Asks: 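Handing you this structure, nothing more for now.
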Amino acid sequence: MVSKIGVLTSGGDAPGMNAAIRAVTRSALDLGWEVVGVAHGYAGLMSGEFMPFTARSVGGIIQQGGTILGSARSEEFKTVDGRKKAIRNMAQHGIDGLVVIGGNGSQTGAYSLHQMGFPVNGVASTIDNDLVGSDITLGVDTALNIALEAIDRLKTTASSHNRAFLVEVMGRGCGYLALMAALAGGAEAAVIPEIETTPEQVADIIRKSYARGKSHCIIVVAEGAKHELDVLMDYFKDKKGELGFELRGTELGHIQRGGEPGAFDRILGTRLGAGAVEAMANGTYGVLCGLKGNELAYTPLADCVGKTKGVSESVYKLASVMAK
Ligand code: ATP
């Protein structure tokens with residue numbers, strides 16, 4: 001049974017991570033455990049950046065975006081020596097359990113620790129929503145709303161000037177964010193990694209939107225699509241006069257990550273953080289705490305890593321029908 005746990009955030013930051021840190025801390029303290037905040041993800045685990053946490057340490061953070069612990073990417077942690085160093089550090093500080101709040105790569109790291117016999121559970125947190133084991137991951141809802149706000153604004157200026165906009169959103173190899181932003185933003189199309197759209201098909205969508213008398217055309221492009229924003233803009237360089245609309249490209253980039261978490265992510269972070277601790281209290285280790293339906297779901301990390309959740313084909317079709 002664990003009695004002193006570490007909590008860290010790793011990989012890309014996601015709105016709602018602070019709610020999860022707070023929930024891990026206060027749930028563990030409620031069980032009579034000690035809690036240590038680990039700064040800078042796995043890098044801090046290896047260099048011993050440990051801070052004893054009280055309930056007050058995590059006060060006033062539920063509404064803040066980003067992560068108070070800081071996040072990092074570490075190549076060294078991918079090596080066995082790096083992970084041994086981390087385990088040695090934790091042993092020296094009496095830390096006998098760990099909660100990892102992060103996405104696919106971070107949960108792969110958590111699984112590696114689990115395989116080395118260290119008690120660890122994960123919290124499904126990434127704006128990409130590519131993690132198997134959770135219908136929706138922490139940060140997605142807020143990131144989606146930020147993307148939508150930008151799309152709404154672009155639509156206004158696009159309509160005023162009769163323009164088409166290619167808007168690139170994040171998501172790594174997963175098209176969820178792009179597809180949902182297209183559906184909720186009333187875009188004319190989504191270009192996503194899971195379903196190939198050629199540049200000529202994009203051109204056709206733009207031309208047909210113009211011919212139907214639309215005042216604008218918004219195409220949401222996932223950063224991981226084969227024909228992402230730069231590829232498409234390059235393709236259209238000499239073809240601008242053939243589209244009807246004047247063409248512009250906008251990359252939303254890190255703006256999507258920076259926002260204050262909305263109600264959904266504050267609640268999700270709280271539930272998932274508490275859930276990861278509860279699993280440990282029940283002697284369950286090596287699982288990812290996620291949400292399926294509206295219930296907490298615990299999936300062995302072994303079944304989550306190395307996989308990417310796909311997007312729904314029916315939602316993709318729905319977005320196309322709505323774009324008419
Ligand atoms: P996001 O998808 O939201 O950006 P992520 O958690 O997927 O977040 P990554 O950069 O993929 O972000 O991974 C974060 C860190 O997890 C890496 O820098 C590394 O320290 C650790 N990690 C990734 N893959 C492995 C692995 N195979 N073994 C051990 N650790 C890993």
Side-chain angles (χ1 to χ4, degrees), residues 6-18 20-21 38-47 49 65-67 69-87 89-90 98-118 120-134 136-144 146-147 169-178 193 222-224 252-259 261 265 268-269 272 276 286 288-290 299 301-310:
V7 55
L8 64 80
T9 49
S10 165
D13 62 313
M17 276 182 160
N18 283 328
I21 295 167
V38 182
H40 306 121
Y42 291 125
L45 206 57
M46 289 181 297
S47 58
E49 291 182 71
T67 156
L69 288 172
S71 189
R73 294 196 156 95
S74 163
E75 282 306 309
E76 191 188 350
F77 192 76
K78 292 182 181 173
T79 67
V80 175
D81 281 351
R83 293 196 294 278
K84 279 186 179 163
K85 202 195 283 183
I87 290 174
N89 271 342
M90 287 193 281
L98 182 70
V99 175
V100 172
I101 303 166
N104 241 319
S106 306
Q107 301 309 336
T108 308
Y111 180 53
S112 308
L113 280 180
H114 173 68
Q115 283 178 306
M116 291 167 80
F118 197 85
V120 54
N121 283 340
V123 166
S125 169
T126 167
I127 66 162
D128 304 336
N129 206 28
D130 57 352
L131 259 178
V132 168
S134 197
I136 188 147
T137 52
L138 192 53
V140 171
D141 184 69
T142 304
L144 189 53
I146 295 168
V169 301
M170 286 185 159
R172 286 187 138 179
C174 180
Y176 182 90
L177 212 52
E223 65 177 350
L252 297 188
H254 287 82
I255 282 173
Q256 290 155 96
R257 289 192 185 280
D265 282 320
L268 185 62
L272 297 186
L288 178 76
C289 184
T299 311
L301 288 167
D303 297 339
C304 304
V305 302
K307 296 176 187 161
T308 302
K309 195 170 60 193

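Both ligands and their constituent atoms are indexed starting at 1 by order of listing. As the structure is a prediction and not an experimental result, all values here were calculated from the model.
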Asks: Determine whether Val100 and Leu8 make a side-chain contact, defined as any pair of heavy atoms from C-beta on separated by less than 4.5 Å.
Replies: yes
Asks: When rounded to the nearest 0.5 angstrom, what is the spacing between OG1 in Thr108 and NZ in Lys307?
Replies: 11.5 Å
Asks: Can you sort out which atoms of ligand 1 are near Ser112, meaning under 4.0 Å from one of its heavy atoms?
Replies: 28 (N), 29 (C)
Asks: Using side-chain contact (heavy atoms from CB on, under 4.5 Å) as the criterion, list what pairs up with Ala143, not counting sequence neighbours.
Replies: Ile127, Leu177
Asks: Is the closest N or O pair between Gly12 and ligand 1 shorter than 3.5 Å?
Replies: yes
Asks: Taking N or O atoms only and a 3.5 Å limit, does Ser125 qualify as a polar contact for ligand 1?
Replies: no
Asks: Looking at atom 29 (C) of ligand 1, what's its closest protein heavy atom, distance included?
Replies: Gly109 CA, 3.5 Å
Asks: For residues Ser125 and Thr137, determine if any side-chain heavy atom of one lies less than 4.5 Å from a side-chain heavy atom of the other.
Replies: no
Asks: Using heavy-atom distances, let me know which of Met170, Lys78, Arg172 sits nearest atom 25 (C) of ligand 1.
Replies: Lys78
Asks: Heavy atoms only: which of Ser74, Gly11, Ala86 lies closest to atom 12 (O) of ligand 1?
Replies: Gly11
Asks: Does the side chain of Asn121 reach to within under 4.5 Å of the side chain of Leu288, using non-hydrogen atoms?
Replies: no
Asks: With heavy-atom distances below 4.0 Å as the criterion, list the atoms of ligand 1 near Thr126.
Replies: 1 (P), 2 (O), 3 (O)
Asks: Arg172: which residues meet the side-chain contact (heavy atoms from CB on, under 4.5 Å) condition with it, sequence neighbours left out?
Replies: Arg73, Asp128, Glu223
Asks: Atom 2 (O) of ligand 1: which of Thr137, Asp128, Leu138, Leu113 has the nearest heavy atom?
Replies: Asp128
Asks: Evaluate Asp130 for polar contact with ligand 1, using N/O atom pairs at a separation under 3.5 Å.
Replies: no
Asks: Find out whether His40 and Leu69 are in side-chain contact, i.e. whether some heavy atom of one side chain is under 4.5 Å from a heavy atom of the other.
Replies: no
Asks: Any non-hydrogen side-chain atom of Val169 less than 4.5 Å from a side-chain atom of Gln256?
Replies: yes
Asks: Is Gly105 close to ligand 1, meaning an N/O of one under 3.5 Å from an N/O of the other?
Replies: yes
Asks: Gly102 versus ligand 1: do any nitrogen or oxygen atoms come within less than 3.5 Å of each other?
Replies: no
Asks: Determine whether the side chain, the backbone, both or neither of Tyr42 has a heavy atom under 4.0 Å from any heavy atom of ligand 1.
Replies: side chain
Asks: Write out the residue and atom name of the closest protein heavy atom to atom 15 (C) of ligand 1, then the distance separating them to 0.1 Å.
Replies: Ser10 OG, 3.6 Å
Asks: Can you check whether Ser106 has an N/O within less than 3.5 Å of an N/O in ligand 1?
Replies: yes
Asks: Looking at ligand 1, does Glu75 have a heavy atom less than 4.0 Å from it?
Replies: no
Asks: Give the C-alpha distance, both sets of side-chain angles, the deciding distance and a yes or no for side-chain hydrogen bond (donor to acceptor under 3.5 Å, both in side chains) between Asp13 and Thr67.
Replies: CA-CA 7 Å; Asp13 62 313; Thr67 156; over 6 Å; no
Asks: Which heavy atom of the protein is the closest neighbour of atom 9 (P) of ligand 1, given with residue, atom name and distance?
Replies: Arg73 NE, 3.6 Å
Asks: Quick test of your reading of the structure: of Asn104, Thr108, Val80, whose heavy atom lies closest to atom 27 (N) of ligand 1?
Replies: Thr108
Asks: Taking it one step at a time, do Val99 and Val120 satisfy side-chain contact (heavy atoms from CB on, under 4.5 Å)?
Replies: CA-CA 6 Å; Val99 175; Val120 54; over 6 Å; no
Asks: Tell me yes or no: between the side chains of Ser47 and Glu49, is some donor less than 3.5 Å from an acceptor?
Replies: yes
Asks: At a 4.0 Å threshold, what atoms of ligand 1 neighbour a non-hydrogen atom of Gly103?
Replies: 5 (P), 6 (O), 7 (O), 8 (O)
